[in-house]
> 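Following this message is one structure expressed as structure tokens.
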Amino acid sequence: MSSPQVITCKAAVAWRAGEALVMEEVEVSPPQPMEIRIKVVSTSLCRSDLSAWESHAIFPRIFGHEASGIVESVGQGVTEFKEGDHVLTVFIGECMSCRQCTSGKSNTCQILGLERRGLMHSDQKTRFSLKGKPVYHYCAVSSFSEYTVVHSGCAVKVSPLAPLEKICLLSCGVAAGLGAAWNVADVSKGSTVVIFGLGTVGLSVAQASKLRGASRIIGVDNNPQKCENAKAFGVTEVVDPNSYKEPIAQVIKRITDGGADFSFECVGDTDTITTALQSCCDGWGLTVTLGVPKVKPEMSAHYGLLLMGRTLKGSLFGGWKPKSDLPSLVEKYLNKEIQIDDYITHNLSFDDINKAFNLMKEGECLRCVIHMPR
């Protein structure tokens, strides 16, 4: 069998913070040992792509991490995948052998964890280049390119029956919200849930809470459009902080007789984590934080909130172990046990990728799915 060669393809390259992505012809290296090269079929824009693009990150860079595709070639030592397999990419991998992977308690792989330097896990180099110069990766995925190379531990084989243009949402946002409610919080029947931030992640928490039988699901957001759409996902009542003079935590405590059983912070704001903690009840109130803060990473809260029995937990990718757990979520979708389609508010061609960034910046979309040229 002939070995894979360099591919030249189109990619949306970010050159500077906050500036429109530029369609460039990039060279994509063949997959190295334990890597696979994927033809991206569909990719959606996630809030963390937007946040990283707006910040002073590493440039030039190819963003995108919520994606589905088809394996084009495999590197040496890869036995799990073959050419033609349908896959989801994942921003945290699963090596299945490190302390975290074998603990049965965690999904934060020590070998293939969150990659922040724009390089491949294996050799700390890039697989993209433009006119001989490196173009950096994002979250070890970089799906805003017709082809990308990922570590085989950062991809999950899925059923060929699953529509790639829908299930790409399970590679980050929707799965993160479902898992936060099911795995991390373990939302119980008849409970009261409050969700701060009604984007894709928050509304996935709502869907999961509804499926668990929560009796009240209160959504908090200052975007009236998002509040209006939230009921379709299981939110029973919405609270717009702009409509109240008193602090929002006091409003929640008042309308829930002392605080919610579960509160979820899905904004990516450390002050909101504090508010969420204040909004759950004494004794057993549990707050889960899922957002990634753009500014002020440190949070502060009065120790009395914890002394009175509240718990604060963090959630990365909803606690799912990607390789072990994602195929079952895809099956749930195929069996119509969970919904994904309603989170997709826009379908765009790859050439219109900047429109997706504008829609998300303006708060006018949930998920924009970007379709690659066939």
Side-chain angles (χ1 to χ4, degrees), residues 41-44 46 65-70 80-81 85-94 96 101 104-107 141 143 153-191 193 195 198-215 217 219 229-236 262 264 266 288 290 315-345 347 366-367 369:
V41 172
S42 300
T43 178
S44 36
C46 174
H65 64 282
E66 209 176 73
S68 59
I70 297 168
E80 187 190 348
F81 298 98
D85 281 345
H86 286 205
V87 292
L88 288 176
T89 58
V90 280
F91 66 93
I92 50 165
E94 186 182 350
M96 302 204 170
C101 283
K105 302 174 186 175
S106 165
N107 67 343
V141 176
S143 55
C154 295
V156 182
K157 194 157 135 178
V158 295
S159 164
L161 301 173
L164 293 172
E165 72 279 6
K166 310 284 190 196
I167 62 165
C168 56
L169 272 65
L170 287 175
S171 87
C172 183
V174 172
L178 295 173
W182 289 342
N183 305 328
V184 181
D186 196 12
V187 167
S188 49
K189 189 174 181 182
S191 58
V193 172
I195 301 164
L198 297 176
T200 299
V201 175
L203 293 176
S204 300
V205 171
Q207 178 184 177
S209 301
K210 182 186 178 183
L211 289 169
R212 274 288 173 89
S215 60
I217 303 170
N229 300 337
K231 305 257 168 105
F233 297 90
V235 172
T236 56
F262 300 95
F264 294 86
C266 307
V288 178
L290 297 83
S315 174
L316 180 67
F317 195 48
W320 301 112
K321 296 179 97 158
K323 281 188 181 298
S324 307
D325 299 330
L326 271 187
S328 67
L329 273 185
V330 173
E331 287 304 316
K332 277 185 189 296
Y333 171 69
L334 289 174
N335 296 335
K336 299 188 165 49
E337 292 169 49
I338 57 171
Q339 60 159 311
I340 297 176
D341 302 21
D342 292 348
Y343 295 95
I344 301 168
T345 53
N347 286 284
L366 288 175
R367 278 294 186 265
V369 173

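Predicted, not measured: the structure shown is a model, and the values here were computed from it.
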> Rounded to the nearest 0.5 Å, what separation is found between the CG atom of Leu203 and the CG atom of Leu198?
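Here the interatomic distance stands at 5.5 Å.
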> Start with the C-alpha gap between Ser159 and Leu334, add the side-chain angles, then the distance that decides, and say whether side-chain contact (heavy atoms from CB on, under 4.5 Å) holds.
CA-CA 9 Å; Ser159 164; Leu334 289 174; 4.0 Å; yes
> Output, in order, the C-alpha distance, side-chain angles, deciding distance and verdict of side-chain contact (heavy atoms from CB on, under 4.5 Å) for Val187 and Phe264.
CA-CA 11 Å; Val187 167; Phe264 294 86; 3.8 Å; yes
> Please name the pair of heavy atoms, one in Phe262 and one in Ala185, separated by the smallest distance, quoted to 0.1 Å.
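What the structure gives for the nearest pair is CE2-O, 3.4 Å.
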> Side-chain contact test, heavy atoms from C-beta onward, threshold under 4.5 Å: evaluate it for Ile338 versus Leu211 and give yes or no.
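The answer is yes, as the side chains (C-beta and beyond) meet within the 4.5 Å cut-off.
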> Yes or no on side-chain contact (heavy atoms from CB on, under 4.5 Å) for Ser171 and His65, after CA distance, side-chain angles and deciding distance?
CA-CA 8 Å; Ser171 87; His65 64 282; 5.9 Å; no
> In the structure I gave you, are the side-chain heavy atoms of Val41 and Ile70 within less than 4.5 Å of one another anywhere?
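In contact.
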> Passes side-chain contact (heavy atoms from CB on, under 4.5 Å), Asp186 versus Trp182? Steps please.
CA-CA 5 Å; Asp186 196 12; Trp182 289 342; over 6 Å; no
> Quick one: do the Ser68 and Glu165 side chains pair a donor with an acceptor below 3.5 Å?
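There is no such pair (donor and acceptor under 3.5 Å, judged by atom type) between the side chains of Ser68 and Glu165.
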> Is a side-chain donor or acceptor of Ser215 paired with a backbone partner of Gly190 at a separation under 3.5 angstrom?
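Here the side-chain-to-backbone pair exists.
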> I'd like to know if the side chain of Tyr343 and the backbone of Gly199 have a donor-acceptor N/O pair within less than 3.5 Å.
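Side chain of Tyr343 to backbone of Gly199: no pair is present.
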> Quick one: list whatever passes side chain to side chain donor-acceptor pair (under 3.5 Å) with Asp342, sequence neighbours left out.
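If we apply the side chain to side chain donor-acceptor pair (under 3.5 Å) test to Asp342, skipping adjacent residues, there are no hits.
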> Between Glu66 and Ser44, does any side-chain donor sit less than 3.5 Å from a side-chain acceptor?
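Yes, because at least one side-chain N or O of Glu66 sits under 3.5 Å from a partner of the opposite role on Ser44.
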> Just by distance, do the side chain of Lys323 and the backbone of Ala155 share a donor-acceptor pair under 3.5 Å?
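Yes, because the side chain of Lys323 sits within donor-acceptor range (under 3.5 Å) of the backbone of Ala155.
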> Can you name the closest pair of heavy atoms from Leu290 and Val205 and give their distance?
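So the minimum-distance heavy-atom pair works out to CD2-CG2, 4.3 Å.
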> Taking all non-hydrogen atoms of both residues into account, name the closest pair between Cys168 and Leu88 and its distance.
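Nearest pair, atom of Cys168 first, then Leu88: CA-CD2, 3.9 Å.
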> Rounded to the nearest 0.5 Å, what separates atom OG in Ser209 from atom CG in Leu178?
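Output value for this atom pair is 9.5 Å.
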> For a quick test of your reading: what N or O donor-acceptor pairs under 3.5 Å do the side chains of residues 326-333 make, sequence neighbours left out?
unit_1, atom_1, unit_2, atom_2, d
Ser328, OG, Asp325, O, 2.7
Tyr333, OH, Asp341, OD1, 2.6

> Nearest heavy-atom pair of Ile195 and Cys266: which atoms, and what distance?
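Shortest heavy-atom contact: CG2-SG, 4.0 Å.
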> Could I get the full list of side chain to side chain donor-acceptor pair (under 3.5 Å) partners for Thr345, not counting sequence neighbours?
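Expected list: none.
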> Looking at Arg367 and Leu169, what are the two nearest heavy atoms and their distance?
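Between these two residues, the closest heavy atoms are CG-CD2, 3.8 Å.
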> Looking at Ile217 and Ala206, what are the two nearest heavy atoms and their distance?
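Distance-wise, the nearest heavy atoms are CD1-O, 3.7 Å.
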> Check whether Gln207 reaches the backbone of Gln339 with its side chain - one donor and one acceptor, N or O, closer than 3.5 Å.
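Checking the backbone N and O of Gln339 against the side chain of Gln207, a donor-acceptor pair under 3.5 Å is found.
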> With a 4.5 Å limit on heavy-atom distance, are the side chains of Glu94 and Cys154 in contact?
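No, side chains not in contact.
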> With distance as the sole test, does Ser191 use its side chain to make a donor-acceptor pair with the main-chain N or O of Ser188 at under 3.5 Å?
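Here the side-chain-to-backbone pair exists.
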> Is it the case that atom NZ in Lys157 sees more than 12 heavy atoms from other parts of the structure closer than 6.0 Å?
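Yes, enclosed.
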